[in-house]
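Worth saying up front: this structure is predicted, and the values here are computed from it rather than measured. We count ligands from 1, going down the list as the structure has it; atoms in each ligand are counted the same way.
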Amino acid sequence: MTRSNETTLAHGGNHQGYTEKHTGAVNPPIYVSSTYHQQQLNQFGDYDYSRSGNPTRDQLEAAIAKLENGIAGFAFSSGMAAISSALLLLKSGDHIVITKDVYGGTFRFVTQLLTQFSIEHTFVDMTQQEEIEKAIQPNTKVIYMETPANPLLQITDIEQVVQLAKEHGCLTFLDNTFMTPLHQQPLDLGVDIVLHSATKFLSGHSDIVAGLAVTKKEDLATKLKFVQNTYGAILGAKDCYQLLQGMKTLEPRFSKSAATAEQLAAFFDSHDQIEQVYYPGLASHPGAEIHAKQSTSSGAVLSFKLKETVDAKQFVEKLSIPVFAVSLGAVESILSHPATMSHAAMPSTEREARGISDRLFRLSVGIENEEDLLQDFQQALSK
Ligand SMILES: *Cc1c(COP(=O)(O)O)cnc(C)c1O
């Protein structure tokens with residue numbers, strides 16, 4: 001019997017072969033052990049050292065593999081550890097084509113660390129097929145997507161990029177942090193490796209930093225396993241447990257947050273102090289149609305630009321509900337200022353070119369009462 005992801009999530013990824021065998025415990029045991037006793041000289045058990053494998057991590061990795069319809073999942077100590085470990089599949093002399101709207105930390109990794117190993121890159125507007133095609137070189141090995149992208153929620157047509165990549169013999173990686181496997185399943189659309197900052201919606205409580213990678217290709221699974229074990233940026237057993245606990249409530253959290261985000265997007269869209277709203281659920285969003293084709297939710301993150309008439313400092317200080325902080329995807333609403341937060345790693349000229357003005361704010365909607373949130377923004381925007 002096939003199960004929906006909602007059901008799999010509620011059971012913490014427990015499915016055949018992964019139910020706790022000894023006691024039937026509903027929650028997975030946390031195996032706080034770096035090493036494992038071996039019964040015989042010439043025959044070792046399933047586990048030898050926790051960098052290479054840990055039963056609590058195994059449960060999490062099996063859960064994310066199942067949720068993304070992959071064959072293998074890998075848990076890392078952060079989203080950036082997952083992303084950089086996946087990019088370590090590249091070799092000196094390789095080239096990647098990457099969306100210019102990529103997460104600031106990924107921008108930093110690609111521009112400042114990969115270049116040290118002579119792995120080159122070209123940034124493109126991923127909404128423009130011709131631009132992607134033009135950027136592909138004979139040594140291009142990976143096309144890297146993020147959709148919806150941060151912070152302007154630009155949408156990439158996943159299937160089109162996958163087709164282009166296949167024509168040119170490139171792999172595709174996709175950062176699926178904003179949609180989660182509940183609402184976007186890139187492996188089903190032909191993407192080779194799906195990446196997550198599990199710090200965000202998957203864990204959902206602003207408590208841990210974690211990353212995940214999933215593939216459904218045998219050879220890529222072997223290579224990712226090798227990098228995970230060799231580079232060693234694994235997620236610890238306690239955090240694996242905490243992430244699994246967070247994931248159990250992903251569906252109700254995401255549904256509520258997305259429903260409120262839709263209301264808030266409409267509110268901002270009609271407000272005379274707001275210059276522009278960026279949300280793929282608005283019909284006016286240039287990527288709305290493509291997003292609806294490849295995802296089942298408009299998501300819980302939106303951005304908006306204040307008019308010059310609004311004092312941004314006062315606006316932030318008048319708000320009483322959202323926390324003003326970096327990050328997203330949590331039970332509490334989080335208001336961010338991309339120019340000084342998520343994209344601070346990007347030079348200001350690059351930032352301006354990407355449309356990330358100082359008057360742009362990103363809101364990750366939490367699970368608070370929707371009327372409370374609306375009223376809070378209403379009063380903060382009033383003169
Ligand atoms: C936060 C984030 C990352 C980085 O993840 P960390 O867990 O902070 O290392 C990568 N991609 C996106 C889209 C993010 O929001």
Whether over 12 other heavy atoms sit under 6.0 Å from Gln38 CD:
yes

Tell me, do Phe201 and Val301 make a side-chain contact under 4.5 Å, heavy atoms counted?
yes

Should Ala210 be listed as contacting ligand 1, given a heavy-atom distance under 4.0 Å as the test?
yes

4.5 Å side-chain heavy-atom contact, Arg253 and His205:
yes

May I ask whether Asn150 places a heavy atom under 4.0 Å from ligand 1?
no

Compute the centroid of each ring, for Tyr36 and then for Phe44, and state whether the two points are separated by less than 6.0 Å.
no

What are the atoms of ligand 1, with element, lying closer than 4.0 Å to any heavy atom of Ser78?
7 (O), 9 (O)

Protein heavy atom at shortest distance from atom 9 (O) of ligand 1:
Met80 N, 2.8 Å

If you count the non-hydrogen atoms of other residues, nucleotides and ligands that lie under 6.0 Å from NZ in Lys293, is the total more than 12?
yes

I'd like to check the side-chain hydrogen bond (donor to acceptor under 3.5 Å, both in side chains) partners of Gln314; sequence neighbours left out, ordered by chain and number.
none

Under 4.0 Å from a heavy atom of Glu146: which atoms of ligand 1 are those, numbered in the order shown and with their elements?
13 (C)

Using side chain to side chain contact (heavy atoms under 4.5 Å, CB included), reason through Leu90 and Phe117 one step at a time and then give a plain yes or no.
CA-CA 10 Å; Leu90 292 161; Phe117 303 96; over 6 Å; no

To which protein heavy atom is atom 7 (O) of ligand 1 closest, and what is the distance rounded to 0.1 Å?
Thr199 OG1, 2.6 Å

For ligand 1, is Ile83 a contact, meaning one of its heavy atoms is under 4.0 Å away?
yes

Which residue in the set Thr147, Thr127, Asp101 passes side-chain hydrogen bond (donor to acceptor under 3.5 Å, both in side chains) when paired with Gln154?
Asp101

Min over Phe178, Phe76, Phe201, Tyr103 of heavy-atom distance to atom 3 (C) of ligand 1 lands on Tyr103

Heavy atom of the protein closest to atom 12 (C) of ligand 1 (residue, atom name, distance):
Asp175 OD2, 3.4 Å

Name the closest protein heavy atom to atom 6 (P) of ligand 1, giving the residue it belongs to and the distance to 0.1 Å.
Gly79 N, 3.3 Å

Considering only the protein, which heavy-atom contact is closest to atom 15 (O) of ligand 1, and what is its distance?
Lys200 NZ, 2.7 Å

